Visitor: 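Next up is a structure, given as structure tokens.
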Amino acid sequence: MPYLAHISLVVREYDEAIDFFVTKLGFALVEDKQEPNKRWVTIRPPGAPPGATTILLARASNPEQEAVVGSQTGGRVFLFLETDDFQRDYDRFNRNGVEWVRLPAKMDYGTVAVFKDLYGNQWDLIERAKSS
């Protein structure tokens, strides 16, 4: 059965991207393999089960790719990080200097805030409302 294995995120440099996602957001470094002329780096959110979709950190390798670093979706929210404890993760991100675009808001579907990654891509941090 086909499934989504990786989502590619174009980055400026591998090490700075790893530092941001692992240190500031608490993501797990799944793979970091060096090959001649290639580096394969994947990460996944904390708590994601083994085999879950990973983010492939893909270093920009030409001017066209460099031009989209930080704006892969033209300024729209790019990725949605779902949590089981919004306040815990919001507080941890604040302690780690994450930049917020929109502060937390309670919506019908849950609690959500928008943050930027180190390149400016926008992410939702969301905790879904509990079903009655």
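Values reported hereafter were calculated over all heavy atoms of this structure, with side chains retained and with hydrogens, waters and symmetry mates removed. Model, not experiment: these values are computed from the prediction.
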Visitor: According to side chain to side chain donor-acceptor pair (under 3.5 Å), who are the partners of Q122, at least two apart in sequence or on a separate chain?
Guide: none
Visitor: Under the salt bridge (Lys or Arg N to Asp or Glu O under 4.0 Å) test, which residues partner K38, sequence neighbours left out?
Guide: none
Visitor: Will you find, in the side chains of Q87 and D91, an N or O donor that is under 3.5 Å from an N or O acceptor?
Guide: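 Side-chain D/A pair, Q87 to D91: present.
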Visitor: Keeping to residues at least two apart or across chains, list the ring-ring contact (aromatic ring centres under 6.0 Å, His included) pairs with something in residues 54-99.
Guide: F86-Y90, Y90-W100, F93-F115
Visitor: Can you list every ring-ring contact (aromatic ring centres under 6.0 Å, His included) pair that touches residues 49-72, not counting sequence neighbours?
Guide: none
Visitor: Using the test side chain to side chain donor-acceptor pair (under 3.5 Å), find all partners of S61 that sit at least two apart in sequence or belong to another chain.
Guide: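 With neighbours one apart ignored, the set is Q65.
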Visitor: Could you list the residues that satisfy side-chain contact (heavy atoms from CB on, under 4.5 Å) with E13, not counting sequence neighbours?
Guide: E16, R59
Visitor: Can you sort out the partners of D32 under side-chain contact (heavy atoms from CB on, under 4.5 Å), two or more places apart, ordered by chain and number?
Guide: I18, L29, R39, V41
Visitor: Quick one, V11 and V69 - any side-chain contact, counting heavy atoms below 4.5 Å?
Guide: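 Result no, sub-4.5 Å side-chain heavy-atom pair not found.
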Visitor: Please report, to 0.1 Å, the donor-acceptor pairs under 3.5 Å made by any side chain of residues 101-112, with sequence neighbours excluded.
Guide:
| residue | atom | partner | partner atom | Å |
| --- | --- | --- | --- | --- |
| K106 | NZ | T111 | OG1 | 3.4 |

Visitor: Table please: side-chain donor-acceptor pairs of residues 2-10 below 3.5 Å, with sequence neighbours left out.
Guide:
| residue | atom | partner | partner atom | Å |
| --- | --- | --- | --- | --- |
| H6 | ND1 | T54 | OG1 | 2.6 |

Visitor: Mind checking who shares a hydrophobic cluster with L56, ILVMFWY linked at side-chain heavy-atom distances under 4.5 Å?
Guide: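 Noted: L56 shares its cluster with W40.
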Visitor: Could you work out, with salt bridge (Lys or Arg N to Asp or Glu O under 4.0 Å) as the rule, every residue matching E99, not counting sequence neighbours?
Guide: K116
Visitor: What side-chain hydrogen bond (donor to acceptor under 3.5 Å, both in side chains) pairs are there with at least one residue in residues 74-86, not counting sequence neighbours?
Guide: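 Matches after skipping sequence neighbours: E82-R128, T83-R88, T83-D89, D84-R88.
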